[in-house]
Amino acid sequence: MLLGVNIDHIATVRNARGTVYPSPLEAALLAETHGADLITLHLREDRRHIRDHDVFAIRATIKTRMNLEMALTDEMLANALEVMPQDVCLVPEKRTEVTTEGGLDVLAQQQRVADFTHTLTQAGIRVSLFIDADEAQIQAARDVGAPVIELHTGAYADAATTAEQAQQLARIEDGAHFGSEMGLVVNAGHGLTIHNVTPIAQILAIRELNIGHALIAQALFMGLPEAIRQMKQVIYRARSLPY
Ligand SMILES: CC(=O)[C@@H](O)[C@H](O)COP(=O)(O)O
Ligand SMILES: NCC(=O)COP(=O)(O)O
């Protein structure tokens with residue numbers, strides 16, 4: 001199972017004072033030196049954390065793979081075609097949201113998603129769609145030509161009761177198997193922590209987890225290398241692999 005480290009919130013700390021530190025580029029390099037299989041970052045329309053210069057600098061420097069998260073806008077499409085990340089993950093964005101609230105509604109905008117997917121794919125960028133674990137959305141993702149889906153694990157992570165968390169876990173597991181059987185690469189992410197990641201990591205149909213906020217929070221106390229080491233150890237142990 002691969003771990004994508006999302007470094008958005010390194011930039012949150014930096015932007016709090018308008019300094020150049022902490023550097024998202026430095027964090028990305030440290031992360032991949034210490035076990036990140038890829039670097040994920042979300043260039044939001046409001047640039048509340050990651051800024052355009054971060055994206056270009058990190059794309060030019062990292063040795064692993066960039067997974068650029070972006071909204072379905074012409075501005076972000078043009079940006080992606082200039083940056084040329086290995087992967088683009090299309091995510092929904094609402095200006096007022098604290099964080100990504102739900103998955104991309106592919107069904108409601110199938111032609112637009114198909115057009116974005118075609119343009120990015122033609123340019124050589126692999127497209128992932130950040131969607132809820134809903135069979136209709138997974139089917140729509142396949143229909144628009146996306147080779148990858150990332151299942152939104154936010155409802156699982158935020159579940160108020162054990163029963164609800166079990167229900168959300170079952171939904172993600174079913175969605176992962178449905179997508180995988182359809183030939184899609186299935187990833188997952190959002191709200192995952194060292195305390196809730198194990199059941200998600202145990203879903204063998206899931207290839208990659210993208211984890212950011214909780215991992216960066218851990219890094220504040222133990223450093224980024226140790227936070228990544230701990231997260232990877234939990235993920236590997238979930239699959240009974242040595243780490
Ligand atoms: C798409 C997703 O779940 C996250 O990767 C996204 O980056 C969340 O946005 P914030 O990092 O701004 O919370
Ligand atoms: N796509 C999920 C991601 O990149 C990180 O989400 P989070 O761990 O910051 O909630």
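Indexing begins at 1, ligand by ligand and atom by atom, following the structure's order. In this chain, residues are counted from 1 in sequence order. As the structure is a prediction and not an experimental result, all values here were calculated from the model.
Those atoms of ligand 2 that come under 4.0 Å of a heavy atom in Asn6, given as number and element, are 3 (C), 4 (O), 5 (C). Numbered from 1 in the order shown, with element, the atoms of ligand 2 that lie under 4.0 Å from a heavy atom of Gly212 read 5 (C), 7 (P), 8 (O), 9 (O). For ligand 1, the atoms lying closer than 4.0 Å to a non-hydrogen atom of Asp8 are 7 (O), 10 (P), 11 (O). Within the listing of ligand 1, atoms 1 (C) sit less than 4.0 angstrom from a heavy atom of Val91. Close contacts of ligand 2 with His213, meaning ligand atoms under 4.0 Å from a residue heavy atom, involve 7 (P), 8 (O), 9 (O). Listed by number with element, the atoms of ligand 2 under 4.0 angstrom from any heavy atom of Phe130 are 1 (N). In summary, the atoms of ligand 1 found under 4.0 Å from a heavy atom of His190, numbered by their order in the structure, are 2 (C), 3 (O), 4 (C).
For atom 10 (O) of ligand 2, the closest heavy atom belonging to the protein is Gly191 N, 2.8 Å. For atom 13 (O) of ligand 1, the closest non-hydrogen atom on the protein side is Thr99 OG1, 2.6 Å. The single protein non-hydrogen atom nearest to atom 2 (C) of ligand 2 is Glu150 OE2, 3.3 Å, given as residue, atom name and distance. Summary of contacts: the protein heavy atom closest to atom 9 (O) of ligand 1 is Arg44 NH2, 3.2 Å. Closest to atom 6 (O) of ligand 2, if we only count protein heavy atoms, is His190 CA, 3.7 Å.
The backbone N or O of Ala157 sits nowhere less than 3.5 Å from a side-chain atom of Asn196 that would complete a donor-acceptor pair.
By the criterion of a heavy-atom distance under 4.0 Å, neither the backbone nor the side chain of His42 is placed next to ligand 2. With a 4.0 Å cut-off on non-hydrogen atoms, Thr40 touches ligand 2 through its side chain and not its backbone. Only the side chain of Asn6 comes within contact range of ligand 1, with a heavy atom under 4.0 Å; no backbone atom does. At a heavy-atom distance under 4.0 Å, no atom of His213 approaches ligand 1.
Ala71 pairs by the side chain to side chain contact (heavy atoms under 4.5 Å, CB included) definition with Glu45, Thr73, Glu93, not counting sequence neighbours. The side chain to side chain contact (heavy atoms under 4.5 Å, CB included) check on Ile216 picks up His9, Ile10, Leu224, with sequence neighbours excluded.
Any N or O atom pair closer than 3.5 Å counts here, and Leu192 shares no such pair with ligand 2. Any N or O atom pair closer than 3.5 Å counts here, and Arg48 shares no such pair with ligand 1. Considering backbone and side-chain N/O atoms, Ile211 never comes within less than 3.5 Å of an N/O atom of ligand 2. For the pair His9 and ligand 2, the shortest N or O to N or O distance does not fall below 3.5 Å.
Considering His49, Arg14, Arg47 as possible partners of Asp54, the one that fulfils the side-chain hydrogen bond (donor to acceptor under 3.5 Å, both in side chains) test is Arg14.
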Practice problem: Show your reasoning for whether salt bridge (charged side-chain N to carboxylate O under 4.0 Å, His left out) applies to Arg48 and Asp46. | Solution: CA-CA 5 Å; Arg48 65 181 69 170; Asp46 62 12; 2.9 Å; yes

Exercise. Please assess Thr40 against Asn6 for the test side chain to side chain donor-acceptor pair (under 3.5 Å), listing each intermediate value before the final yes or no.
Key: CA-CA 4 Å; Thr40 293; Asn6 182 315; 5.6 Å; no

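Nearest-residue assignment for atom 5 (O) of ligand 1 (options His49, Glu69, His42; heavy-atom criterion): Glu69.
Side-chain contact check for Asp105 and Gln109: no donor-acceptor pair (N or O, by modelled atom type) lies under 3.5 Å.
The closest side-chain heavy-atom distance from Met66 to Ile39 is not below 4.5 Å.
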